[in-house]
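Below is one structure, written out as structure tokens; comments come after it.
Since the model is a prediction, treat every value here as computed from it, not as a measurement.
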Amino acid sequence: MTRRESREAALCLLFEHGFSPEEAPEEIMERAKEMREEKYSAFAKSLFEGACAHEKEIDVRISAAADNWSISRISRVSLAVLRLASFELLFGEGTDTEIIVNEAIELARRYDDDKAPAFVNGVLGRIAADRNG
């Protein structure tokens with residue numbers, strides 16, 4: 001599984017988690033494995049579990065970076081993309097910011113509406129800038 005495929009798999013898990021946030025990440029992943037007969041790479045698993053573990057902190061960052069947008073107004077797909085990429089930006093190691101943002105934009109382009117890529121780009125740009133100083 002490539003890193004791109006791993007990000008896509010983690011995105012799907014985060015999207016599912018958005019519908020049942022009280023459910024443990026392990027339960028969501030196990031159900032997804034059974035229903036879709038998927039295997040997840042260590043990278044996909046670490047992205048999903050890390051984004052879930054840091055969700056509150058990530059959501060604070062997203063809210064601050066998304067001018068005039070509350071978390072509840074952001075589409076579920078864009079929110080999952082933002083949580084995934086924000087986790088990687090804030091807590092990941094070794095991947096360039098440009099790669100993380102570009103991958104997130106591509107996921108938004110593939111799974112959300114036409115306005116989502118620009119929105120995701122803007123929010124992640126602010127989060128990356130705040131992170132860097």
Inset, instruction - State whether the number of non-hydrogen atoms from other residues, nucleotides or ligands found under 6.0 Å of K115 atom NZ is greater than 12. - result: no

Inset, instruction - Show the numbers, then the answer: is there a salt bridge (Lys or Arg N to Asp or Glu O under 4.0 Å) between D130 and R61? - result: CA-CA 9 Å; D130 289 346; R61 297 283 192 112; over 6 Å; no

Inset, instruction - Applying side chain to side chain donor-acceptor pair (under 3.5 Å), run through S41 and R3 and close with a yes or a no. - result: CA-CA 9 Å; S41 69; R3 289 178 75 84; over 6 Å; no

Legend entry - Contact check, side chains of F19 and R76, non-hydrogen atoms, under 4.5 Å: yes

Legend entry - Residue pair L14 / C52: nearest heavy atoms and the distance that separates them: CD2-SG, 4.0 Å

Inset, instruction - Would you check if K45 and M29 make a side-chain contact, meaning some heavy-atom pair closer than 4.5 Å? - result: yes

Inset, instruction - Would you check if R31 and E23 make a side-chain contact, meaning some heavy-atom pair closer than 4.5 Å? - result: yes

Inset, instruction - Indicate yes or no for a side-chain donor-acceptor contact from S75 to the backbone of S78 under 3.5 Å, with no hydrogens or angles considered. - result: yes

Legend entry - Any E8 side-chain heavy atom under 4.5 Å of E103 side chain: no

Inset, instruction - Write down the atom of I58, the atom of A51, and the distance for their closest heavy-atom approach. - result: CD1-O, 4.0 Å

Inset, instruction - List the steps and the verdict of side-chain contact (heavy atoms from CB on, under 4.5 Å) for R7 and E88. - result: CA-CA 10 Å; R7 285 184 182 97; E88 201 169 357; 2.7 Å; yes

Legend entry - Residue pair D112 / V81, side-chain heavy-atom distance below 4.5 Å: no

Inset, instruction - May I have the step-by-step check of salt bridge (Lys or Arg N to Asp or Glu O under 4.0 Å) for E106 and R109, ending in yes or no? - result: CA-CA 5 Å; E106 288 304 314; R109 182 173 287 126; 2.6 Å; yes

Inset, instruction - Mind running side-chain contact (heavy atoms from CB on, under 4.5 Å) on R83 and E55 for me, showing each step along the way? - result: CA-CA 7 Å; R83 285 175 173 162; E55 185 175 309; 3.6 Å; yes

Legend entry - Atom of I105, atom of P117 and distance for their closest heavy-atom approach: CG2-CB, 3.9 Å

Legend entry - Neighbour count >12 (heavy atoms, 6.0 Å) for atom CZ, R4: no

Inset, instruction - Scan side-chain atoms only and decide if T97 and R131 contain a donor-acceptor pair under the 3.5 Å cut-off. - result: yes

Inset, instruction - Please step through side-chain contact (heavy atoms from CB on, under 4.5 Å) for the pair I62 and L79, ending with a clear verdict. - result: CA-CA 9 Å; I62 292 170; L79 183 57; 4.2 Å; yes

Legend entry - Main-chain N/O of I99 paired with D96 side-chain donor or acceptor, under 3.5 Å: no

Inset, instruction - Please name the pair of heavy atoms, one in A44 and one in A10, separated by the smallest distance, quoted to 0.1 Å. - result: O-CB, 3.7 Å

Legend entry - E93 atom CD, neighbour heavy-atom count above 12 within 6.0 Å: no

Inset, instruction - Report yes or no: does N102 contribute a side-chain atom to a donor-acceptor pair with the main-chain N or O of E98 at less than 3.5 Å? - result: yes

Inset, instruction - Please round to the nearest 0.5 Å and tell me the distance separating atom CG of L84 and atom CG of L11. - result: 6.0 Å

Legend entry - CZ-CG distance between R126 and N121, expressed to the nearest 0.5 angstrom: 9.5 Å

Legend entry - Residues forming a ring pair (Phe, Tyr, Trp, His ring centres under 6.0 Å) with Y111, sequence neighbours excluded: none

Legend entry - Student check: side-chain heavy atoms of L13 and Y40 closer than 4.5 Å: yes

Legend entry - hydrophobic_cluster_shared for L47 and M1, side chain cutoff 4.5 Å: no

Inset, instruction - Might you confirm whether atom CG of D67 has over 12 heavy atoms from other residues, nucleotides or ligands at distances under 6.0 Å? - result: yes

Legend entry - Over all atoms of both residues, closest heavy-atom pair of A66 and F119: CB-CZ, 4.1 Å

Legend entry - salt bridge (Lys or Arg N to Asp or Glu O under 4.0 Å) between E16 and R36, worked out: CA-CA 13 Å; E16 290 178 41; R36 294 192 296 265; 2.5 Å; yes

Legend entry - Common cluster, L82/V60, ILVMFWY with side-chain heavy-atom separation under 4.5 Å: no

Legend entry - Whether E49 side chain and S46 backbone form a donor-acceptor pair below 3.5 Å: no

Legend entry - Pairwise distance CZ(F15) to CG(L107) - rounded to 0.5 angstrom: 13.0 Å

Legend entry - Straight-line distance of D59 CG to I71 CD1, nearest 0.5 Å: 4.0 Å

Inset, instruction - Determine the interplanar angle of the F48 and H17 rings, folded into 0 to 90°, and report it as parallel if under 30°, tilted if 30 to 60°, perpendicular if over 60°. - result: perpendicular

